[in-house]
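All residue numbers in this chain count up from 1 along the given sequence. Order of appearance sets the numbers: ligands from 1, and atoms from 1 within every ligand.
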Amino acid sequence: MKAVIPAAGLGTRFLPVTKAQPKEMLPVYDKPTIQYVVEEAVASGINDILIVTGKGKRSIEDHFDKSFELEYFLKRNGKNEFLREVEAISELADIYYVRQKEQKGLGDAIYCAKKHVDGEDAFAVLLGDTITTSKVPCIRQLIDIYKEYGASAIAVEEVPREKVERYGVIKPKPLKKNLYIAEDLVEKPPVEEAPSNLAIIGRYVLESEIFDHIRDTPPGVGGEIQLTDAMRSLNRLYGYLFKGKTYDIGNKVDWLKTSIEFALKDENIRGELMDYIKRLLKEEWNDNK
Ligand code: G1P
């Protein structure tokens, strides 16, 4: 199965950081966000990845490209560990690029992948600003659902009611444990109109008929062509409460929390970081006394 990673958004929620750099390149601890996303696809058995980019996104291409100069420098200076790491990035998968020429929404960004996935029954979509962690990679869990049930599937998670307006939300009909039929979907509903608190997290396996539906979808919320709206026209869509954790890097506070959490997983710095956080909290507590 091929994967599509849309990474064309302007990242306005992250300004001014994203004025001249893509939000997908923001580091989460020691790797850019989009590298985690590519690694999830690769760990799921996907080797053909199309990244949908746009203006100002060149550094994404550079990141996954070979860097002869850097590799030569690292080799000459005996920095073998870094050398292996840098080489591995450019060998992760076959990565292709297409540019979304105008900011017309997520649905339109996915439509840019039509030619690349032509002839496939279905393809995977992983949003470039969302990281997931789980034993079995999230997109692999969805591929397994698609294979077992033969229809499009999206990952959902329960979010606090007051946060539903940030997401696409499904109207769920329970099928079995953790699996729902999405009877309807709403993009960024006001709390009182949300059909549930099961939010779309940014991992999808979509049958290729989605392209016809996107083409027929008028602009929705924010004047953009929404993938969520196009998915309403699919014959059948499964919502899967996936086993794992989601990190939405598209907003400042969640990005910061994720960076800290991921850094704390590194045994080499965990102790020092914990001491620092404890000291900060103590100072904060003393200041507020
Ligand atoms: C997009 C999708 C939305 C989904 C969200 C997950 O919205 O349109 O359905 O719930 O990603 O992060 P965005 O965050 O790009 O506004």
Side-chain angles (χ1 to χ4, degrees), residues 4-15 18 22-24 26 28 33-34 36-37 40 51-54 57 100 102-113 124-133 138-139 142 152-172 180 182 184-191 193-206 210 213-214 217-234 237-242 244-255 257-258:
V4 177
I5 301 181
L10 288 176
T12 43
R13 274 173 284 191
F14 235 114
L15 282 167
T18 46
K23 66 173 167 180
E24 296 79 10
L26 288 175
V28 168
T33 306
I34 196 165
Y36 292 95
V37 181
E40 180 186 329
I51 302 182
V52 184
T53 66
K57 302 278 183 170
Q100 184 190 25
E102 269 178 74
Q103 292 290 325
K104 290 200 286 190
L106 179 59
D108 180 70
I110 298 300
Y111 197 76
C112 296
V125 174
L126 301 91
L127 297 194
D129 61 0
T130 301
I131 296 174
T132 67
T133 55
C138 179
I139 203 68
L142 292 182
S152 305
I154 57 177
V156 294
E157 73 171 357
E158 289 185 53
V159 298
R161 271 260 158 198
E162 66 277 12
K163 287 193 177 166
V164 286
E165 59 192 19
R166 284 197 204 168
Y167 298 92
V169 176
I170 67 165
K171 180 178 175 204
Y180 305 89
D184 202 1
L185 305 122
V186 196
E187 180 67 14
K188 303 198 171 60
V191 185
E193 283 168 34
S196 75
N197 67 336
L198 290 174
I200 301 169
I201 62 142
R203 295 293 184 268
Y204 316 72
V205 170
L206 298 169
I210 192 70
H213 304 314
I214 295 173
T217 297
V221 174
E224 298 189 336
I225 297 170
Q226 298 291 350
L227 180 61
T228 304
D229 294 342
M231 288 192 301
R232 297 180 74 202
S233 303
L234 287 166
L237 175 67
Y238 293 100
Y240 183 57
L241 199 58
F242 93 104
K245 214 169 159 188
T246 308
Y247 302 88
D248 179 7
I249 308 304
N251 70 81
K252 291 179 193 180
V253 70
D254 286 333
W255 166 75
K257 286 184 197 167
T258 311

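- Residues passing the ring-ring contact (aromatic ring centres under 6.0 Å, His included) test with Tyr247, sequence neighbours excluded: Phe262.
- Between Leu127 and the options Val4, Leu106, Ile249, Leu227, a side-chain contact (heavy atoms from CB on, under 4.5 Å) holds for only Leu106.
- Contact annotation for Arg13 and ligand 1: only side-chain heavy atoms (C-beta onward) come within less than 4.0 Å of the ligand.
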Exercise for the section: Show the numbers, then the answer: is there a side chain to side chain contact (heavy atoms under 4.5 Å, CB included) between Met231 and Ile200? Expected result: CA-CA 12 Å; Met231 288 192 301; Ile200 301 169; 4.0 Å; yes
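- At least one N or O atom of Glu187, backbone or side chain, sits closer than 3.5 Å to an N or O atom of ligand 1.
- Not a single heavy atom of Arg203 lies less than 4.0 angstrom from ligand 1.
- At a threshold of 4.0 Å, the pair Lys163-Asp248 does not count as salt-bridged, since none of the basic side-chain nitrogens sits closer than that to a carboxylate oxygen.
- Distances below 4.0 Å separate heavy atoms of Lys188 from the following atoms of ligand 1: 7 (O), 13 (P), 16 (O).
- Applying the 4.0 Å criterion to heavy atoms of Gly168 picks out, from ligand 1, the atoms 3 (C), 4 (C), 9 (O), 10 (O).
- Here the heavy atom of the protein found nearest to atom 1 (C) of ligand 1 is Leu127 CD1, 4.0 Å.
- Contacts of Arg166 with ligand 1, taken as heavy-atom pairs under 4.0 Å, are absent altogether.
- In this structure, Glu102 places its CD atom where only 12 or fewer heavy-atom neighbours from other residues, nucleotides or ligands lie under 6.0 Å away.
- Residue contacts with ligand 1, taken as heavy atom pairs separated by less than 4.0 Å, do not involve Leu227 at all.
- Taking only nitrogen or oxygen atoms, main chain and side chain alike, Ile200 reaches within less than 3.5 Å of ligand 1.
- Contacts between Thr228 and ligand 1, counted as non-hydrogen atom pairs separated by less than 4.0 Å, involve the side chain only.
- Contact annotation: the side chain of Phe242 never approaches that of Leu142 to less than 4.5 Å [non-hydrogen atoms, C-beta and beyond].
- Here's the thing with Tyr167: none of its N/O atoms is less than 3.5 angstrom from an N/O atom of ligand 1.
- Not one N or O on the side chain of Lys23 forms a donor-acceptor pair closer than 3.5 Å with the backbone of Asp129.
- Taking any N or O of Leu106, backbone or side chain, none lies under 3.5 Å from an N or O belonging to ligand 1.
- Applying the 6.0 Å contact sphere to NZ of Lys188 captures more than 12 heavy atoms from other residues, nucleotides or ligands.
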